[in-house]
Colleague: 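This is the structure I want to talk about, given as structure tokens.
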There are 2 protein chains.
Amino acid sequence: MTVHEHGGCSTRVDDFPYRAVPEAAVGRLAVYLRVLTSMIEHGVSTMSSEELAGAAGVNSATLRKDLSYLGSYGTRGVGYDTARLVEHIERLLGLTRHHSVAVVGIGNLGHALANYRGFPDRGFPVTALFDLDEDLIGVPVGGLPVDHVDSIPAVCKEREVTIGVICTPSTAAQWVCDLLVAGGVRCILNFAPVVLQVSEDVEVRRVDLAVELQILSFYQARRCAGAAPVAQPVDSIAVGR
Amino acid sequence: MTVHEHGGCSTRVDDFPYRAVPEAAVGRLAVYLRVLTSMIEHGVSTMSSEELAGAAGVNSATLRKDLSYLGSYGTRGVGYDTARLVEHIERLLGLTRHHSVAVVGIGNLGHALANYRGFPDRGFPVTALFDLDEDLIGVPVGGLPVDHVDSIPAVCKEREVTIGVICTPSTAAQWVCDLLVAGGVRCILNFAPVVLQVSEDVEVRRVDLAVELQILSFYQARRCAGAAPVAQPVDSIAVGR
DNA sequence: AGGTGTGAACATGTTCACAGCG
DNA sequence: CGCTGTGAACATGTTCACACCT
């Protein structure tokens, strides 16, 4: 048990009245939220599990089970009230709180994320940018001036940053991470291809874009190999579908 | 079984002589590969499962099991030969083949990915860029001129693109995806927050950055709630509300 | 009828613990 | 002795199938 973990646990306390939510369900709930929001914009006020599951790309039983973690907000024979679901998913995901994002490392990726509409549009305003490069300090990127990494702790506290996004080179990632934590940040999205060392009260998610490509590469390799011209002997568990 | 899936299956054919690899192991193998490459650069020629697992942020038993899918390339009492492992992981992941990446949608994110060093550095040269905007066509981004999306099928065939990266707005994503598939692309990395509809011989991975933030938000919300000063009554697994 | 909510079966993934090799 | 490789136990996640409500 080296690194911190979180099974599907949850306590019942005041503003977080939901029962245990499995890790895997959390990610899907965020997807349902996006689909629902878009459906509401199109005037849809009710959806069946089948419809919503189709739009989210999951099995309808999985979807119903996921929604059951919110409580029973569906109507049998009818479906789910879209607005009501949105409300509860947002509550479960903690989106009713204020969130404020800091991006560290204003290179190609950091620059893009600082300007990325998807963040503010979905409730995550970017309120601080940091870099080491003196030439960048003070330069506005997406309307926000870049601060020096040394000021991370102070600025994060002042602007109540809740999420730090690390887009620095690998070598700087751990250092920057420690600075963010010193500034009170407890949630970190890490684009640098290193495993960050943090205390158990800090949550880190890593996104390694090259790893994504490598996984795709694997499936392509396997597909070509699997595409043997001979009929499959059914006794071997191999490739099916 | 609506959507395509891939259990940990694999056939033994000529150039793909590895046994079944579980889905979850594939992603980790890509991580081990990065760690190993970096270790080799630092002159490390042998590593124990404990060391490698630590650097990759996983349990050592998990690591050994993952590596066992490659075959038995460790030495008992000693550890693993780093160079040999790299070789085999690369082979398993299909990285010995030529890969060529096309980025579609040269907005903030597309621009960043076109310039992202992590792609070419890890064996994925970007060889084509596409956008709809007439003002962008022909403009070089990262040394490569942008082509019109209409030319996707032709250009992808010509440059033997194997992986397409979609950074367009959601509304254009399915259309662009179909164009890529028409151009022979069978692996797609999708940054648009929509579920792409593809035939089963196309592999899609989605990266939804806002969903990542929402997952972080959830854990922070839960942590605050869970940080109740009272000891947990274990008997009540109770449901909220 | 029509669709939710969920126990139970199944599938996948992770960790333990130790035999056995170098 | 030390560390790999792996069966078996455990944990998590997914899907089925149907009772039950509207």
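Lettering follows sequence order; numbering is per chain, from 1.
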Colleague: Which whole-number value in Å describes the distance from A:Leu70 CG to C:dG5 P?
Modeller: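 After rounding, the reported distance stands at 10 Å.
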Colleague: From the options D:dG13, C:dG3, C:dA17, select the nucleotide whose nearest atom is closest to the side chain of B:Ala61.
Modeller: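 Shortest atom-to-atom distance from the side chain points to C:dA17.
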Colleague: Rounded off to whole Å, could you give me the CG-to-C1' distance for the B:Leu63 and C:dT15 pair?
Modeller: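 For the pair B:Leu63 CG and C:dT15 C1', the rounded distance is 13 Å.
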Colleague: B:Glu50 CD to C:dT15 P: how many Å, rounded?
Modeller: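 After rounding, the gap between these two atoms is 13 Å.
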Colleague: Run through A:Val194, A:Leu189, A:Leu196 and flag the one making a side-chain contact (heavy atoms from CB on, under 4.5 Å) with A:Ile166.
Modeller: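 The single option meeting the side-chain contact (heavy atoms from CB on, under 4.5 Å) with A:Ile166 is A:Leu196.
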Colleague: Can you pull the ring-ring contact (aromatic ring centres under 6.0 Å, His included) pairs that have at least one residue in residues 61-88 of chain B, sequence neighbours excluded?
Modeller: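 Qualifying pairs: B:Tyr73-B:His88.
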Colleague: Is there a side-chain contact between A:Gln220 and B:His99 (heavy atoms, below 4.5 Å)?
Modeller: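 Counting from C-beta outward, A:Gln220 and B:His99 do come under 4.5 Å.
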Colleague: Between the opening five pairs and the closing five pairs of the helix from C:dA1-D:dT22 to C:dG22-D:dC1, how far apart are the helix axes, to 10°?
Modeller: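 Computed from the C1' atoms at both ends, the axes differ by 10°.
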Colleague: Can you check the B:Glu23 CD to D:dG13 P distance for me, whole Å?
Modeller: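 Taking CD of B:Glu23 and P of D:dG13, I get 14 Å after rounding.
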Colleague: Could you please name the option among C:dT15, C:dG5, D:dT6 that lies closest to any side-chain atom of B:Thr62?
Modeller: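 Closest nucleotide among those given: C:dT15.
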Colleague: Can you sort out which residues in residues 73-85 of chain B have a heavy atom within less than 4.0 Å of DNA chain D? Ascending by number, please.
Modeller: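 Those residues are B:Tyr73, B:Gly74, B:Thr75, B:Arg76, B:Gly77, B:Val78, B:Gly79, B:Tyr80.
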Colleague: Quick check on side-chain contact (heavy atoms from CB on, under 4.5 Å): which of B:Leu113, B:Val207, B:Val104 does B:Val165 satisfy it with?
Modeller: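 When side-chain contact (heavy atoms from CB on, under 4.5 Å) is applied between B:Val165 and each of B:Leu113, B:Val207, B:Val104, only B:Leu113 qualifies.
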Colleague: What distance do B:Phe218 atom CZ and B:Gln214 atom CD have between them, rounded to the nearest 0.5 Å?
Modeller: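 It comes to 12.5 Å.
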Colleague: In whole angstrom, give the distance that lies between atom CE of A:Met47 and atom P of C:dG3.
Modeller: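 Value for this atom pair: 13 Å.
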Colleague: Could you tell me the separation between the CZ atom of A:Arg64 and the P atom of C:dG2, rounded to a whole number of Å?
Modeller: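 Roughly 15 Å, once rounded to whole Å.
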Colleague: Give a yes or no on whether a donor-acceptor pair under 3.5 Å exists between the nucleobase atoms of D:dT15, that is its base, and the side chain of A:Lys65.
Modeller: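 By the distance-only test, yes, there is a pair.
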Colleague: Rounded to the nearest 0.5 Å, how far does CD1 of B:Ile40 lie from CE of B:Met47?
Modeller: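 Result: 10.0 Å between the selected atoms.
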Colleague: Would you say that B:Arg34 contacts A:Asp208 through its side chain, given a criterion of any heavy-atom pair below 4.5 Å between the two side chains?
Modeller: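 Yes; the side chains approach each other to less than 4.5 Å.
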Colleague: Can you name the nearest heavy-atom pair linking B:Cys177 to B:Ile188, along with the distance?
Modeller: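 Minimum heavy-atom separation between B:Cys177 and B:Ile188: SG-CD1, 3.7 Å.
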Colleague: OP1 or OP2 of D:dG13 versus the side-chain N and O atoms of A:Arg28: is any pair under 4.0 Å?
Modeller: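 For A:Arg28, the contact criterion (side-chain N or O under 4.0 Å from OP1 or OP2 of D:dG13) is not met.
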Colleague: Please report the distance, rounded to the nearest Å, between CG in B:Leu29 and P in C:dT14.
Modeller: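 Interatomic distance, CG of B:Leu29 to P of C:dT14: 12 Å.
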Colleague: Could you tell me if the side chain of A:Val126 sits less than 4.5 Å from the side chain of A:Tyr116, heavy atoms only?
Modeller: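 No, too far: nothing below the 4.5 Å cut-off.
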Colleague: For D:dC16, does either OP1 or OP2 sit under 4.0 Å from a side-chain N or O belonging to A:Asn59?
Modeller: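 Answer is yes, contact under 4.0 Å.
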